[in-house]
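FYI, the numbering just counts along the sequence from 1.
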Amino acid sequence: MHINDNDQTIFVIDNSAGAARIVMTTIATHKSSGPERLPLWWYQPKTDDELASIGVWLNEQRPSWSTWRDIAERQGRDAVQAEIGRAWSEHAIEACGAVMLNQGDDARDITLFAMLVTRNSEIIRHRFKSASLRKAFLKWYFTDVSAIGTFLLLEGCLIGPAHLAGLIDSIAAAEMAGGKSKARSQRVPSRLRKAA
């Protein structure tokens, strides 16, 4: 398998098989169709809590992502499966008890972090352009803390902090423009939302 050198490794949530699974892919592969769209690696968690825990673990393994991608390209999917399994056994996955948002002392700052069994794992520190944008974002966030927190955690852990920062800013802007609950229902996967 050949992967373009400039193609970024990402993890995404794929619901096409009927249940959520975490898929290791690249941006170009994810946008393609046909047999080349096959994932480099995938795992199907049993619960949303396990999904969040694995998301945090993968985020903490980010320095290994390019190595895993190289293994997939040179040795194939079975080899990368074995390598991720080895990393999994060497660096145990801690259960994610909750996703927390700290508003900070400055009226424009937030910190999103995962509360693990023995420690906290920071996902992002974000500064809004204005206090009113943070206020609009928080109003949206507090409509469904559990689902939205998990959604933001997965976006930041699996795709990256730059992506999450852009997403947070776009949500805040949409809320300032009057997006309200429509923004929540369009952005948060239905399986994570509370039943209406």
Side-chain angles (χ1 to χ4, degrees), residues 8-15 20-24 43 45-63 65 91-196:
Q8 181 183 353
T9 303
I10 60 171
F11 287 82
V12 296
I13 304 299
D14 175 23
N15 289 304
R21 63 183 186 162
I22 296 176
V23 173
M24 178 185 174
Y43 179 79
K46 294 172 183 59
T47 66
D48 287 346
D49 290 340
E50 184 182 16
L51 181 68
S53 300
I54 292 169
V56 172
W57 182 84
L58 286 168
N59 186 50
E60 293 177 344
Q61 303 304 310
R62 190 175 295 273
W65 289 14
H91 308 282
I93 295 174
E94 283 193 61
C96 179
V99 180
M100 301 298 292
L101 186 140
N102 182 327
Q103 296 181 37
D105 295 331
D106 187 292
R108 297 182 298 157
D109 293 344
I110 62 166
T111 303
L112 185 73
F113 61 94
M115 291 180 61
L116 305 176
V117 173
T118 63
R119 61 195 166 80
N120 293 335
S121 180
E122 184 176 297
I123 307 306
I124 192 171
R125 285 180 191 255
H126 186 72
R127 176 168 279 232
F128 293 91
K129 291 181 182 175
S130 70
S132 58
L133 282 168
R134 182 181 92 158
K135 184 177 179 180
F137 174 81
L138 291 174
K139 185 177 180 183
W140 174 79
Y141 179 84
F142 288 116
T143 60
D144 192 351
V145 172
S146 179
I148 291 173
T150 301
F151 167 69
L152 294 173
L153 174 135
L154 292 170
E155 291 289 308
C157 289
L158 302 180
I159 299 175
H163 165 77
L164 181 56
L167 180 62
I168 288 170
D169 285 336
S170 70
I171 291 167
E175 288 300 300
M176 286 285 290
K180 310 240 184 299
S181 63
K182 181 179 177 189
R184 180 182 72 201
S185 64
Q186 288 179 341
R187 290 182 179 87
V188 180
S190 60
R191 61 186 293 279
L192 295 177
R193 275 187 262 128
K194 289 180 187 172

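In this structure, Arg62 places its CZ atom where more than 12 heavy-atom neighbours from other residues, nucleotides or ligands lie under 6.0 Å away.
Taking CD1 from Ile124 and CG from Leu164, the interatomic distance works out to 4.0 Å, rounded to the nearest 0.5 Å. In this structure, the separation between OG1 on Thr143 and CG on Leu138 is 11.0 Å, given to the nearest 0.5 Å. The CE atom of Met100 sits 5.5 Å away from atom CZ of Phe113, with the distance rounded to the nearest 0.5 Å. In this structure, the separation between CD1 on Ile148 and CG on Leu153 is 13.5 Å, given to the nearest 0.5 Å. Once rounded to the nearest 0.5 Å, the distance linking CD1 of Ile110 with NE2 of His126 reads 6.0 Å. Put simply, NE2 on His163 and CD1 on Ile168 are 9.5 Å apart, with the number rounded to the nearest 0.5 Å.
Cys96 is not listed as a side-chain neighbour of Met115, based on a closest heavy-atom distance of 4.5 Å or more. Side-chain contact check for Asn59 versus Leu158: every heavy-atom pair is 4.5 Å or farther apart. Here the side chains of Leu51 and Ile13 are in contact, with some heavy-atom distance below 4.5 Å. Annotation: side chain of Ile123 is not in contact with side chain of Thr111 (no heavy-atom distance under 4.5 Å). When side chains are defined from C-beta on, Asp106 counts as touching Arg127, because their heavy atoms get closer than 4.5 Å. Residues Gln61 and His91 meet the side-chain proximity criterion, which asks for heavy atoms closer than 4.5 Å.
In this pair, Phe151 and Trp140 present their aromatic rings perpendicular. The plane angle is above 60°, beyond the 30 to 60° band.
No donor-acceptor pair closer than 3.5 Å links the side chain of Thr150 to the backbone N or O of Ala147.
When all heavy atoms are compared, the tightest approach of Ala172 to Phe128 is CB-CE2, 3.9 Å. Val56 and Ala114 get closest at one heavy-atom pair: CG2-CB, 3.7 Å. When all heavy atoms of Leu58 and Trp65 are compared, the pair lying nearest together is O-NE1, 3.1 Å. Between Pro45 and Ala20 the shortest heavy-atom distance is CD-O, 3.6 Å.
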Next on the checklist: Let's go through Val99 and Leu112 carefully: what are the C-alpha distance in whole Å and the side-chain angles of both, what is the deciding distance for side-chain contact (heavy atoms from CB on, under 4.5 Å) to 0.1 Å, and is it a yes or a no?
Outcome noted: CA-CA 7 Å; Val99 180; Leu112 185 73; 3.6 Å; yes
Item to check | Derivation and outcome, side-chain contact (heavy atoms from CB on, under 4.5 Å), residues Met176 and Lys135 | outcome: CA-CA 9 Å; Met176 286 285 290; Lys135 184 177 179 180; over 6 Å; no
Checklist entry - When you look at Arg21 and Glu50, which way does the salt bridge (charged side-chain N to carboxylate O under 4.0 Å, His left out) test go after all the steps? => result CA-CA 11 Å; Arg21 63 183 186 162; Glu50 184 182 16; over 6 Å; no
Next on the checklist: Walk me through whether Val23 and Phe11 qualify under side-chain contact (heavy atoms from CB on, under 4.5 Å).
Outcome noted: CA-CA 5 Å; Val23 173; Phe11 287 82; over 6 Å; no
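Residues Ser53 and Glu94 have side chains that never bring a donor and an acceptor to within less than 3.5 angstrom of each other. In the model, Ser121 has a side-chain atom that pairs as donor or acceptor with a side-chain atom of Glu60 under 3.5 Å. Side chain to side chain, Tyr141 and Glu175 fail the donor-acceptor criterion of an N or O pair below 3.5 Å.
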